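Take a look at the structure set out below.
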Amino acid sequence: MRHALSLLLASTACIAAPALAQDMAPAADAAADADSAGIIVFGRGETRQVQEITTRDLVTLTPGTNALKAIEKLPSVNFQSSDPFGSYEWSQRVSIRSFNQNQLGFTFDGIPLGDMSYGNHNGLHITRAISSENIGTVRVSQGSGSLGTQSTGNLGGTVETFSMDPADALGAQGNLTYGSDETWRAFARLNMGSADGIRGYVSYAYGSTDKWKGQGTQDQHMVNAKVVIPVGDGKLDGWLSYSDRREQDYQDMSMDMINRLGWKWDNTSPDYAKAVLYADIGNNRGETGAPVSNAAAGTVYPDNVTSVWDAYYDAAGLREDWLGAIGYSTPLGDHANFKIKGYYHNNSGMGLWATPSVPSPTGGSPLSIRTTEYDMDRIGAFGSVDATIGVQTLEAGAWYENNKFNQARRFYAFKSRTEAGLSFRDYPKNPFATQWEFDFTTDTIQYYVRDKIDLGMLTINLGWKGFKVTNEAEAVVSSSFPEGKIKAEDWFQPHAGFAVELSPEAEIFGGFTQVTKAFASATTTGPFSTNQAGFDQIRDDLKPESSDTYELGLRYNSSRFNGTLGAYLVNFRNRLLAVQVGSPILGLASALQNVGNVRAVGIEAAGNLTLGQGFGLYASYSYTDATYRDDVLNSSDGTLVAAIKGKTVVDSPKHLLRGELNYDQGPLFGRIGANYMSKRYYSYTNDASVDGRVIVDASIGYRITDQIEVQLNASNLFDKKYISTIGSGGFGNSGDAQTLLIGAPQQFFVTLKAGF
């Protein structure tokens with residue numbers, strides 16, 4: 001144990017005394033849940049591969065853990081993060097069936113979250129939308145998800161998160177967690193309501209942890225509130241959340257750096273003098289392009305460092321979000337239903353980095369803080385109406401969103417050569433330069449039509465969706481980046497599927513889905529990440545990425561065993577990659593280009609087995625063979641850029657194997673799980689890779705009473721050294737690159753939960 005564990009008491013007060021709503025149940029109920037193997041729900045009746053993780057599973061993780069870390073046990077889900085909670089956004093990555101994060105769809109209570117990537121231009125991360133203790137269900141569709149999903153990027157899968165409903169009684173819950181690296185987390189929730197009237201809850205969570213290597217802190221304040229109001233036969237529901245997250249970064253690594261500098265190498269902070277020395281030496285060697293600042297520093301780095309890029313002084317991500325929504329749903333007679341929801345999201349944030357490439361204009365420091373700054377205002381609405389007529393249930397829905405996104409690159413000065421004078425935990429003020437600033441406007445219109453035909457033993461789903469997404473960029477502070485407008489449009493994306501009931505326990509399912517992905521609106525990704533000439537070259541000819549997914553599978557559900565076995569084929573077309581536009585002699589910048597196709601084939605299996613006496617066993621396995629079907633060629637002259645035909649897709653492990661033994665009976669509960677991931681490539685030509693690894697996590701808990709329990713969690717139980725995230729700095733055609741992040745070592749956490 002890296003730090004001595006302390007058990008700290010939390011007190012909460014309330015009037016009524018129900019069991020902890022969804023987070024904690026009486027021992028008898030918990031045992032019943034365990035016996036029914038209800039932790040993971042396999043999508044019975046669905047015509048596609050789908051599973052659900054419930055609250056019962058989420059609460060066994062360390063409080064504050066990203067819900068995406070919980071779904072990593074599901075087939076074909078590849079999740080990575082360099083912190084034990086899976087919430088450090090710079091390192092957090094999720095891919096499904098070889099599709100990376102910006103090719104997946106994410107929603108929260110139906111509200112679109114965009115691609116949840118770092119510096120997201122069209123949404124926010126789930127960890128900034130809801131506290132983990134308030135999540136009711138997470139649903140994963142390894143294919144493209146349902147037609148009604150509010151997403152224009154779900155080529156390869158959809159993750160839908162749903163908040164839990166308020167209880168119909170007055171009560172309260174409090175959690176307090178302490179653990180390795182001075183981890184603290186406090187959570188409190190007050191629930192009010194009655195069975196026939198208004199119900200609601202409000203919660204506050206604060207979590208803080210020191211980095212497990214180097215210096216720095218990652219913390220977050222989060223407030224959630226939900227209300228449900230009966231209105232006649234229907235109901236209104238409202239959501240409001242606020243998040244203030246500040247995280248200092250870990251050093252991006254390469255394999256060369258790991259071998260040369262060690263597994264615990266990190267930024268130099270708080271040693272500002274060391275960072276100044278590295279920058280001086282880098283300037284003298286001509287590595288940064290900056291003028292010579294201190295010839296006395298020489299040209300030889302200390303500490304086995306070979307480049308100024310081996311150690312940044314510091315870097316951080318700051319994010320502040322408000323998210324609100326109000327929805328209304330009601331039956332329309334006996335055979336129809338209507339739903340509508342409007343939402344608003346405001347984000348302000350920035351990524352900070354101490355760059356040795358631009359010196360501070362005052363004070364003499366060879367460093368400055370370079371920021372990428374974000375301001376976002378999204379407003380949207382979505383709704384649907386359905387009607388059952390005989391054996392058919394017809395449904396139609398639509399979604400509209402207007403997203404105004406401002407992105408800027410600015411520089412801030414350090415105080416002097418001997419004193420930084422700036423904190424990476426606060427928003428800096430008074431920039432000395434704005435390199436560029438752009439306003440982006442993205443308008444999204446999407447609709448869908450679906451027909452579910454119930455023929456008893458046979459269920460058929462037919463339908464399609466369509467969208468038009470218009471992206472426009474306008475310069476506030478001009479630069480080499482382009483202005484203009486581009487759109488992606490596909491009004492007919494068909495879906496078809498079936499499910500055949502073979503017996504009360506078994507069914508066969510299968511389907512076909514076609515999906516098109518919209519373009520991104522940002523200078524750091526998408527068609528606007530080039531110059532004006534490059535954008536003008538591609539704006540009329542660039543094709544959006546699209547995929548065709550074929551699935552076939554078998555589900556089995558009984559009192560002792562629940563499982564699924566499936567196979568899939570995905571043809572991914574019009575892959576986008578930044579490639580130099582035109583002949584090199586023209587001097588044009590790199591721009592997005594359609595560079596060919598990808599094919600992925602695979603099998604997926606997962607199952608829950610109830611062993612009796614409180615014991616249960618879960619296991620999943622997936623095999624993915626994803627390869628590039630074409631070499632990358634320059635679109636203008638046909639010259640070879642990268643010979644990758646037949647190579648494995650980057651960050652796409654062929655084998656994922658997960659196993660878990662759990663126990664829940666009487667006051668005692670616990671689980672131990674192992675997670676195997678095979679080799680992953682981080683170059684397109686497959687000449688750079690990281691080895692496979694097995695990570696073991698465990699938890700054990702004791703219910704002191706029906707309302708009070710203590711829980712101990714261990715992550716990376718056997719202290720395995722491994723590479724977690726690959727591609728933090730992108731992927732190159734070949735060779736080693738500074739694009740790796742190291743996984744957290746063994747850590748322990750203890751939590752006291754109390755509810756009344």
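For reference, positions follow the sequence shown, starting with 1. The model shown is predicted, which means the values in this text are computed figures rather than measured ones.
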For [X] against [Y], the heavy-atom pair lying closest together:
X      : Y      : value
Ala413 : Leu422 : O-CD1, 3.0 Å
Asn66  : Gly86  : ND2-O, 2.7 Å
Ala297 : Leu277 : CB-CD1, 4.1 Å
Ser348 : Asp375 : OG-OD1, 3.0 Å
Arg93  : Ser728 : NH2-CA, 3.2 Å
Met116 : His125 : O-CD2, 3.6 Å

Do the charged groups of [X] and [Y] touch, with an N to O distance under 4.0 Å?
X      : Y      : answer
Arg409 : Glu373 : no
Asp266 : Lys211 : yes
Arg285 : Asp280 : no

Under a 3.5 Å threshold, yes or no: a donor from one side chain and an acceptor from the other, between [X] and [Y]?
X      : Y      : result
Asp249 : Tyr88  : yes
Asn346 : Asp377 : yes
Glu320 : Asn347 : no
Ser117 : Asp115 : yes
Asp252 : Trp90  : yes
Thr442 : Asn403 : no
Ser243 : Gln220 : yes
Asn134 : Ser203 : yes
Asp83  : Ser81  : yes
Thr523 : Gln407 : yes

Going from [atom1] on [X] to [atom2] on [Y], what distance comes out if it is rounded to the nearest 0.5 angstrom?
X      : Y      : atom1 : atom2 : result
Asn574 : Leu155 : CG    : CG    : 10.5 Å
Lys69  : Gln80  : NZ    : CD    : 11.0 Å
Ile538 : Leu542 : CD1   : CG    : 5.0 Å
Leu124 : Glu89  : CG    : CD    : 8.5 Å
Thr685 : Asp687 : OG1   : CG    : 3.5 Å
Asn267 : Asp314 : CG    : CG    : 5.5 Å

Check whether any side-chain heavy atom of [X] sits under 4.5 Å from a side-chain heavy atom of [Y], and report yes or no.
X      : Y      : result
Tyr204 : Met222 : no
Ile369 : Leu352 : yes
Pro366 : Arg417 : yes
Asn471 : Phe528 : yes
Tyr682 : Met255 : yes
Pro745 : Trp212 : yes
Val469 : Lys487 : no
Asp210 : Trp184 : no

Please determine if [X] forms a cation-pi arrangement with [Y], meaning its NZ or CZ atom is less than 6.0 Å from the six-membered ring centre and no more than 45° off the ring axis.
X      : Y      : value
Arg575 : Tyr684 : yes
Lys213 : Tyr250 : no
Arg319 : Tyr118 : yes

Can any side-chain N or O of [X] pair as donor or acceptor with the backbone N or O of [Y] at less than 3.5 Å?
X      : Y      : answer
Thr434 : Trp436 : no
Arg246 : Arg425 : yes
Asn120 : Leu113 : yes
Ser724 : Leu741 : yes
Glu401 : Asp443 : no
Arg539 : Lys485 : yes
Asn224 : Ser131 : yes
Gln101 : Ser95  : no
Thr107 : Ile111 : no
Ser478 : Ala475 : no

Would you say the ring centroid of [X] lies under 6.0 angstrom from that of [Y]?
X      : Y      : answer
Phe432 : Tyr412 : no
Phe481 : Phe535 : no
Tyr681 : Phe731 : no

> Step by step, would you call Leu261 with Asn304 a side chain to side chain contact (heavy atoms under 4.5 Å, CB included)?
Replying inline: CA-CA 7 Å; Leu261 302 169; Asn304 211 25; 4.1 Å; yes
> Going by the angle between their ring planes, with limits at 30° and 60°, are Trp353 and Tyr312 parallel, tilted or perpendicular?
Replying inline: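 Trp353 and Tyr312: perpendicular rings.
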>> Set out, in order, the CA-CA distance, both residues' side-chain angles and the distance that settles side chain to side chain contact (heavy atoms under 4.5 Å, CB included) for His121 and Phe440, then state yes or no.
In response: CA-CA 9 Å; His121 66 94; Phe440 296 94; over 6 Å; no
> Are Ser529 and Thr524 close enough, and set up right, to give a side chain to side chain contact (heavy atoms under 4.5 Å, CB included), and what steps lead you there?
Replying inline: CA-CA 5 Å; Ser529 59; Thr524 47; over 6 Å; no
> Given the rule in the side-chain hydrogen bond (donor to acceptor under 3.5 Å, both in side chains) test, do Asp310 and Tyr278 qualify, once you have shown the distances and angles that lead to the verdict?
Replying inline: CA-CA 9 Å; Asp310 276 357; Tyr278 287 156; over 6 Å; no
>> Walk me through whether Phe414 and Tyr272 qualify under ring pair (Phe, Tyr, Trp, His ring centres under 6.0 Å).
In response: CA-CA 10 Å; Phe414 284 106; Tyr272 178 64; 5.4 Å; yes
> Going through the checks in order, is the ring pair (Phe, Tyr, Trp, His ring centres under 6.0 Å) test met by Trp239 and Phe108?
Replying inline: CA-CA 11 Å; Trp239 177 268; Phe108 164 63; 5.1 Å; yes
>> Go through it in stages, so that I can follow the logic: the residues are Phe438 and Val477, the test is side chain to side chain contact (heavy atoms under 4.5 Å, CB included), and I'd like the CA-CA distance, side-chain angles, deciding distance and then a yes or no.
In response: CA-CA 7 Å; Phe438 277 78; Val477 176; over 6 Å; no
